[in-house]
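Atoms within each ligand, like the ligands themselves, are counted from 1 in listed order. What you are looking at is a predicted structure, and each value in this text was computed from that prediction instead of being measured.
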Amino acid sequence: MEDHQQRVAIVTGASKGIGAAIARRLATDGIAVVVNYSRGREAADEVVRSIEAAGGKAVAAGADIGSPDGIPSLFQAAEEAFGGADILVNNAGIMSLAPIADVTDEQFETMVSVNLGGVFRGLREGARRLRQGGRIISFSSSVVGMYQPNYGVYAATKAAVEAMTHVLAKELGPRGITVNVVAPGPVETDLFMTGKSEAQLKAIIGANPFGRLGQPDDISGLVSFLAGPDSGWVSGQVIRANGGIL
Ligand SMILES: NC(=O)c1ccc[n+]([C@@H]2O[C@H](COP(=O)([O-])OP(=O)(O)OC[C@H]3O[C@@H](n4cnc5c(N)ncnc54)[C@H](OP(=O)(O)O)[C@@H]3O)[C@@H](O)[C@H]2O)c1
């Protein structure tokens with residue numbers, strides 16, 4: 001990362017939740033941000049407006065990362081708006097829970113195409129197009145280490161992201177590009193809250209050493225570190241940000 005050059009980040013799934021918090025935080029760090037959305041165009045525009053109102057730079061870019069041309073179009077957007085990309089945050093993800101016996105082919109294929117296919121294409125495009133000294137940060141989940149019922153396919157897609165990260169870190173080290181994973185525990189977003197009963201939430205909060213759910217900004221600070229100049233010797237790591245649940 002050259003000091004004189006404006007650094008540029010692509011954040012997938014930045015219209016809400018953890019991705020929106022990451023986009024705002026990276027912009028506060030002085031990084032120009034491509035704010036990706038799939039369905040939430042208005043929400044993404046609002047994230048861009050809030051970044052610009054705070055003096056930062058951002059553009060919204062619609063793309064389905066589950067489709068083959070989604071990720072390349074985000075690099076194109078970064079090149080057109082800001083001249084290139086230094087940081088890719090593979091944040092976008094979906095979760096659909098069911099016992100393995102009940103998972104439909106459609107549920108399986110959709111989670112694989114977004115959580116695994118989207119991140120694979122992000123890693124591939126990042127390897128081809130990020131500038132020297134770049135940063136790739138992908139999202140797994142602490143459930144990979146917990147083997148809980150209902151999380152089989154979701155956890156499998158995230159475990160695959162961790163495996164590819166360890167490999168790509170070795171492939172991109174010679175170019176000074178770091179490749180890491182953030183694996184949050186429960187964070188209070190739509191993805192986590194959807195379908196959870198009061199009793200389930202109480203049990204999850206009670207099981208956390210901090211006695212609360214994570215918030216998007218509990219995660220965005222870690223991404224800021226991994227995206228920034230002080231993390232240059234940290235690569236191939238999976239960092240579980242979860243208040244110490246495992
Ligand atoms: N929340 C948690 O407890 C938790 C825990 C561990 C890991 N994670 C991981 O953290 C990441 C962010 O999750 P979140 O909780 O912030 O989720 P969220 O609130 O549901 O937000 C998901 C974001 O991903 C975008 N997205 C979904 N499908 C997409 C697609 N095909 N193409 C492009 N964007 C797409 C959504 O965009 P639109 O709304 O525009 O469609 C939205 O901006 C995910 O990878 C998730 O697996 C979350």
query: Is there a heavy atom in G185 that sits closer than 4.0 Å to ligand 1?
result: yes

query: Among protein heavy atoms, which lies nearest atom 22 (C) of ligand 1, and at what distance?
result: G93 O, 4.0 Å

message: Under 4.0 Å between a side-chain nitrogen and a carboxylate oxygen: does that hold for E125 and R129?
response: yes

message: Just to check, does R41 reach to within less than 4.0 Å of ligand 1 when the distance is taken from its heavy atoms?
response: no

message: Under a plain distance cut-off of 3.5 Å, with no hydrogens placed, do S220 and D217 share a side-chain donor-acceptor pair?
response: yes

- prompt: Evaluating non-hydrogen atoms only, which member of I94, T12, V143 is closest to atom 27 (C) of ligand 1?
  reply: I94

message: Within ligand 1, which atoms have a heavy atom of D64 less than 4.0 Å away?
response: 30 (C), 31 (N), 32 (N)

message: For atom 7 (C) of ligand 1, what's the nearest protein heavy-atom neighbour? Residue, atom name and distance, please.
response: S140 O, 3.2 Å

- prompt: What protein heavy atom sits nearest atom 39 (O) of ligand 1, and how far off is it?
  reply: S15 OG, 3.4 Å

In a table with atom names and distances, give each donor-acceptor pair under 3.5 Å that connects a side chain of residues 37-45 to protein atoms at least two apart or in another chain.
none

- prompt: With a 4.0 Å cut-off on heavy atoms, is A20 touching ligand 1?
  reply: no

task: Would you mind listing which atoms of ligand 1 come within a distance below 4.0 Å of any non-hydrogen atom of F192?
output: 1 (N), 2 (C), 3 (O)

- request: Examine ligand 1 and decide if any of its atoms is less than 4.0 Å from a heavy atom belonging to M95.
  value: no

message: Between V103 and Y154, is there a side-chain heavy-atom distance shorter than 4.5 Å?
response: no

- prompt: Any salt bridge between D86 and R131, counting N to O under 4.0 Å?
  reply: yes

task: Around atom 47 (O) of ligand 1, find the nearest protein heavy atom and jot down its residue, atom name and distance.
output: Y154 OH, 2.6 Å

query: Can you find a side-chain donor-acceptor pair between R240 and S142 that sits under 3.5 Å?
result: no

query: In terms of side-chain geometry, is the basic nitrogen of E46 or R49 positioned less than 4.0 Å from the acidic oxygen of its partner?
result: yes

statement: ligand 1 atoms nearer than 4.0 angstrom to some heavy atom of P186 are 3 (O)

query: Taking both backbone and side-chain atoms of Y37, is any N or O found less than 3.5 Å from an N or O belonging to ligand 1?
result: no

statement: A student checking ligand 1 against G17 at a 4.0 Å heavy-atom cut-off should list atoms 16 (O), 19 (O)

- prompt: S96 side chain to Q107 main-chain N or O, any donor-acceptor pair under 3.5 Å?
  reply: no

field: Of the listed options L191, T110, I65, N36, closest to atom 32 (N) of ligand 1 (non-hydrogen atoms)
entry: I65

query: Looking only at heavy atoms, is any part of N91 under 4.0 Å from ligand 1, and if so is it the side chain, the backbone, or both, or is it neither?
result: both

query: Taking 4.0 angstrom as the limit, do K16 and D190 come out as a salt bridge?
result: yes

query: Are A63 and ligand 1 in contact, using a heavy-atom cut-off of under 4.0 Å?
result: yes

- prompt: Can an N or O of V187 be found at a distance shorter than 3.5 Å from an N or O of ligand 1?
  reply: yes

field: Heavy-atom nearest neighbour in the protein, as seen from atom 25 (C) of ligand 1, with distance rounded to 0.1 Å
entry: G13 CA, 3.4 Å

query: Should I18 be counted as touching ligand 1, given the test is an N or O pair under 3.5 Å?
result: yes

task: Answer yes or no: is there a side-chain heavy-atom contact under 4.5 Å between V182 and I219?
output: yes

- request: Mark yes or no for whether R121, through its side chain, and G66, through its backbone, hold a donor-acceptor pair below 3.5 Å.
  value: yes

query: Going by the atom numbers of ligand 1, which of them fall below 4.0 Å from some non-hydrogen atom of F139?
result: 10 (O), 45 (O)

field: N or O contact, R39 vs ligand 1, cut-off under 3.5 Å
entry: yes

- request: Any salt bridge (charged side-chain N to carboxylate O under 4.0 Å, His left out) involving residues 204-213? Give me the pairs, sequence neighbours left out, ordered by first then second residue.
  value: R212-D218

- request: Could you list the atoms of ligand 1 found under 4.0 angstrom from a heavy atom of V114?
  value: 31 (N)

task: Taking the side chain as every heavy atom from C-beta outward, state whether N36 and I65 have any atom pair closer than 4.5 Å.
output: yes

- request: Mark yes or no for whether N242, through its side chain, and A183, through its backbone, hold a donor-acceptor pair below 3.5 Å.
  value: no

For atom 29 (C) of ligand 1, the protein heavy atom that lies nearest, with its residue and separation: S38 OG, 3.6 Å

task: For residues L222 and I239, determine if any side-chain heavy atom of one lies less than 4.5 Å from a side-chain heavy atom of the other.
output: yes

message: Quick test: of every protein heavy atom, which one is nearest to atom 15 (O) of ligand 1, and how far off is it to 0.1 Å?
response: T189 OG1, 2.5 Å

message: Considering G117, A14, G19, P184 one by one, which has a heavy atom nearer to atom 6 (C) of ligand 1 than any of the others?
response: P184

